[in-house]
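Structure first, then comments.
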Number of protein chains: 2
Amino acid sequence: MTDDGIVRHFFSGFIRLHILYHAAKEPVFGAEITEELIHHGYRLSQGTLYPTLHQLEKLGYLQSQTRVVNGRRRKYYRATASGKRVLNEARGKLHELVAEVLEDHNRDFQTTRRKRHDAGTEPKL
Amino acid sequence: MTDDGIVRHFFSGFIRLHILYHAAKEPVFGAEITEELIHHGYRLSQGTLYPTLHQLEKLGYLQSQTRVVNGRRRKYYRATASGKRVLNEARGKLHELVAEVLEDHNRDFQTTRRKRHDAGTEPKL
DNA sequence: GCTACGATATCGGAAACCGACATCGAGATG
DNA sequence: CATCTCGATGTCGGTTTCCGATATCGTAGC
């Protein structure tokens, strides 16, 4: 099993995007997000989740509204216009990442590294 | 383009995956990675890149080999078996994220109009 | 020697991370 | 109406990460 504590560095951005995405779709609150993320295989402690939400709100990507549901106080977050803009920017990057990492396994390396003039001397390991 | 300085938190994981992916495909060195990432729209300073590479090597995901090319000392990195395992784990998560965030791209603007509808009641999950 | 330059490495203050712990608040119970 | 319950939000502190600026390293050419 891969150690989640270490691998987490790879996924903190993924988690934020999950949050932004859901908040763009409908109002969401903290505990609900935690469950949703667990369902996706992420573990996000409260000590990370809530500061993250506060941060995203402070940055203007989310906006909150407190409601009482079933006798419990919940803070619902939804994405602002600015948050949706970031989400769209992320979609672009996500698309590129997927194109590389998921899709063309068999194709040749076609990025700009060939612009370097030292090609022939690269090691083949 | 939105402010990269703020948005960066979303993408640090993306960057690590780009690195892992390329290192799994062929040996890569720091300065080359920087160019590659710039081409994808990321900005990664040397003060972040090299510690990140050291970290990934220390974790056992990368393994380095120093070579001299065109009179320059380069440290080539390639992914280890463990690194490839993490990469595959990331592929799974990436797939899920894409399924959510990219697939129903068209629906995310109409939700803004629902404001009156769910006032005082529990918003639909 | 020493200079040029590509490439790697470090430093330090600020920010993020996260497990553990603390607090809040509406309803139920009596 | 005091207290308990429990879902939910919030905070703390030590550790790790971030990153611009700066330093160092190493080879070729002189």
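Note on naming: letters A, B, ... go to the chains in the order of the sequence lines (proteins, then strands), and numbering restarts at 1 for each one.
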Does A:Lys75 place a side-chain N or O at less than 4.0 Å from the phosphate oxygens OP1/OP2 of C:dC24?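 No, no such contact exists.
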Give a yes/no on whether any side-chain N or O of B:Tyr50 is located under 4.0 angstrom from OP1 or OP2 of C:dA9.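 Answer is no, no contact under 4.0 Å.
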What's the closest nucleotide to the side chain of [X] if the choices are [options]?
X       : options               : value
B:Arg73 : C:dT8, C:dC17, D:dA8  : C:dT8
B:Arg74 : D:dG10, C:dA16, C:dA7 : C:dA7
B:Arg72 : D:dT11, C:dT10, C:dG6 : C:dG6
B:Ser45 : D:dG20, D:dT9, D:dC18 : D:dG20
A:Thr52 : C:dT8, C:dC17, D:dT9  : C:dC17

Expressed as a whole number of angstroms, how long is the span from [X]:[atom1] to [N]:[atom2]?
X       : N      : atom1 : atom2 : result
B:Phe10 : C:dA16 : CZ    : P     : 12 Å
A:Glu57 : D:dT9  : CD    : P     : 12 Å
B:Asn70 : D:dG29 : CG    : C1'   : 14 Å
B:Glu35 : C:dT8  : CD    : P     : 11 Å
B:Gln65 : C:dA7  : CD    : P     : 17 Å

Heavy-atom count around B:His95 NE2 within 6.0 Å, excluding the residue itself: above 12?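 Open.
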Group every Ile, Leu, Val, Met, Phe, Trp and Tyr by side-chain heavy-atom contacts under 4.5 Å, then state whether B:Tyr42 and B:Ile38 land in the same group.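 Not linked; separate clusters.
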Side-chain donor-acceptor contact under 3.5 Å, B:Glu100 with A:His22: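 Judged by distance alone, the side chains do pair up.
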With sugar-phosphate meaning primed atoms plus P, OP1 and OP2, does A:Gln55 contact a base, only sugar-phosphate, or nothing at under 4.0 Å between heavy atoms?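 The answer is sugar-phosphate, as A:Gln55 gets under 4.0 Å only of primed atoms, P, OP1 or OP2.
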Given DNA chain C, 5'-ward residue of the pair A:Pro51 and A:Gly71, judged by closest heavy atom: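 Final value for this comparison: A:Pro51.
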Taking the nucleotide of DNA chain C with the nearest heavy atom to each, does A:Thr48 or B:Tyr77 sit closer to the 5' end?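 Of the two residues, B:Tyr77 wins.
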For the student: nearest non-hydrogen atoms of B:Tyr61 and B:Leu20, plus distance: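 Smallest heavy-atom distance, with atoms named: O-CD2, 4.2 Å.
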